[in-house]
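Below you'll find the structure, written out as structure tokens, and then a few comments.
We name chains A, B, ... by the order of the sequence lines, and we start the count at 1 in each one.
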Number of protein chains: 2
Amino acid sequence: MIQTDLDLKVKFLRAFGDKTRVQILECIKYEEKTVSQIVESIEGNQSNISQHLACLRGCGIIVGRPEGKYVYYGLRNQQIKELLDTFDNVLNQIEDNVACCDNHIS
Amino acid sequence: MIQTDLDLKVKFLRAFGDKTRVQILECIKYEEKTVSQIVESIEGNQSNISQHLACLRGCGIIVGRPEGKYVYYGLRNQQIKELLDTFDNVLNQIEDNVACCDNHIS
DNA sequence: TTATCATATTAGCAACAGCTAATATGTGTG
DNA sequence: CACACATATTAGCTGTTGCTAATATGATAA
């Protein structure tokens, strides 16, 4: 199965559209954390978090740095950090409109 | 049901994570189009496109401007346009890494 | 008014994404 | 080595998302 540019783009963008993954990103936005720290921080389940980390890593959004028996996860680079900041900025501006989206295709 | 800031953010971001919606956004990125023009342009089905437009509109990403029996859809503002450009820029930089994400949580 | 065109909405279904529980891998420590 | 800890992977289930088909609404034109 070949991946078009469009499919790649969608896969990348979809990675941001999940509550747990957004929480993970906010959690490691300023400093890298181990898996267990992330699990504790967002009160998730280890298996679940691990799967989401794999997704984010696979999409090039975060990187894992093994150190001993731990793996430290952090944003891939400054550009991702800026993208996250941009999300927040844009959101602040249109926050009122989003609230009224009740279509089930959301 | 109350919507937290986090839920709002996720809803907003999720709107970008769908193939049809990405196509719609690319289609109206530079100029507004009617629903039928969009349907024809991305070879979609009218009902389906209409639902996706409702989603994007409800999330504050696009706006619809009725004119006679047509409705012209365009990006909500310049900030959204810039966000779309940013997506493309970030993607170009990490394109190679995204290709190898095969986790089913994607 | 009736007919036609453009768009929106609804219902039902099929596919997929994400969750939990269990297990596997891998690393350090006694 | 055996054990404990940290993380990753797998399988199966459940809920959600997006699709199609049908119908409704709304606007213009004959």
Side-chain angles (χ1 to χ4, degrees), chain A residues 1 3 6-7 10-25 27-28 32-59 62-74 100-106, chain B residues 1 3 6-7 10-25 27-28 32-59 62-74 100-106:
Chain A
M1 170 211 176
Q3 293 235 50
L6 179 57
D7 289 329
V10 170
K11 174 187 285 187
F12 174 74
L13 293 177
R14 176 168 300 160
F16 294 101
D18 174 86
K19 189 167 181 170
T20 305
R21 290 195 290 268
V22 168
Q23 289 181 101
I24 291 174
L25 291 174
C27 176
I28 64 178
E32 36 172 43
K33 300 244 178 77
T34 68
V35 177
S36 358
Q37 286 175 322
I38 297 169
V39 168
E40 186 188 25
S41 169
I42 74 183
E43 296 174 2
N45 136 322
Q46 185 268 320
S47 164
N48 188 18
I49 300 296
S50 198
Q51 290 174 68
H52 284 297
L53 287 170
C55 170
L56 289 167
R57 178 161 30 83
C59 288
I62 66 176
V63 289
R65 179 177 62 81
E67 187 174 311
K69 61 179 176 177
Y70 299 95
V71 179
Y72 286 86
Y73 280 98
C100 61
C101 172
D102 51 6
N103 192 296
H104 86 286
I105 293 193
S106 58
Chain B
M1 172 210 177
Q3 294 234 48
L6 179 59
D7 289 328
V10 170
K11 174 187 285 188
F12 174 74
L13 293 177
R14 176 167 301 163
F16 293 100
D18 174 87
K19 188 168 183 172
T20 306
R21 291 195 289 270
V22 168
Q23 289 181 101
I24 291 174
L25 292 173
C27 176
I28 64 177
E32 35 172 47
K33 299 246 179 75
T34 69
V35 177
S36 357
Q37 285 176 322
I38 297 169
V39 168
E40 186 188 25
S41 169
I42 74 184
E43 296 174 2
N45 137 320
Q46 185 267 319
S47 165
N48 188 19
I49 300 297
S50 199
Q51 292 173 67
H52 284 297
L53 287 169
C55 169
L56 290 167
R57 179 161 29 83
C59 289
I62 64 175
V63 289
R65 180 178 62 80
E67 188 176 308
K69 61 179 177 177
Y70 299 95
V71 180
Y72 286 85
Y73 281 99
C100 60
C101 170
D102 51 7
N103 192 295
H104 85 287
I105 292 195
S106 59

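- Listed by chain and number, the residues in a side-chain hydrogen bond (donor to acceptor under 3.5 Å, both in side chains) with A/K19 are B/D7 (sequence neighbours excluded).
- Ring-plane geometry between A/Y72 and A/Y70 is classed as tilted, the angle between the planes lying from 30 to 60 degrees on a 0 to 90 degree scale.
- How far CG of B/L56 is from CD1 of B/I24: 5.5 Å, rounded to the nearest 0.5 Å.
- Contact check, B/N48 against D/dC19: a side-chain N or O comes under 4.0 Å of OP1 or OP2.
- If you measure from atom CZ of A/F16 to atom C1' of C/dG18, you get 18 Å, rounded to the nearest angstrom.
- Here A/Y72 lies out of heavy-atom contact (under 4.0 Å) with every strand.
- The side chain of B/Y70 sits closest to C/dT7 out of D/dA8, C/dT7, D/dC19.
- Residue B/Y73 has no polar side-chain atom (N or O) positioned under 4.0 Å from OP1 or OP2 of C/dA6.
- Of the candidates C/dA11, C/dT20, D/dA6, D/dA6 carries the atom nearest the A/S36 side chain, counting heavy atoms from C-beta on.
- Note: CD1 (B/I49) to C1' (C/dT9) measures 15 Å, nearest angstrom.
- Rounded to a whole Å, the CD1 atom of A/I42 is 13 Å from the C1' atom of C/dC19.
- In terms of phosphate contacts, A/R14 brings no side-chain nitrogen or oxygen within less than 4.0 Å of OP1 or OP2 of D/dT17.
- Side-chain N/O atoms of B/H52 include one lying less than 4.0 angstrom from OP1 or OP2 on D/dC19.
- D/dT16 atom C1' lies 14 Å from atom NZ of B/K11, rounded to whole Å.
- Rounded to whole angstrom, the span from the CG atom of B/N45 across to the C1' atom of C/dA11 amounts to 15 Å.
- Under the side chain to side chain contact (heavy atoms under 4.5 Å, CB included) criterion, A/S47 pairs with A/N45, A/Q51, sequence neighbours left out.
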In B/S/- notation (B base, S sugar-phosphate only, - none; protein heavy atoms under 4.0 Å), nucleotides 22-28 of chain D written 5' to 3' is B----SS
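- Between the C1' atom of C/dA17 and the NZ atom of B/K19 lies a distance of 17 Å, rounded to the nearest Å.
- The distance from atom CD of A/Q37 to atom P of D/dC5 is 17 Å, rounded to the nearest whole Å.
- Closest approach to the A/V71 side chain among C/dT7, C/dA11, D/dT7 is made by D/dT7 (side chain taken as heavy atoms from C-beta onward).
- Scored by the salt bridge (charged side-chain N to carboxylate O under 4.0 Å, His left out) test, B/E43 finds no partners at all (sequence neighbours excluded).
- Residues passing the side-chain hydrogen bond (donor to acceptor under 3.5 Å, both in side chains) test with A/T20: none are found, sequence neighbours excluded.
- Residues satisfying the ring pair (Phe, Tyr, Trp, His ring centres under 6.0 Å) criterion with B/Y73, sequence neighbours excluded, are absent altogether.
- Regarding B/I38, its CD1 atom lies at a distance of 14 Å from the P atom of C/dA6, rounded to whole Å.
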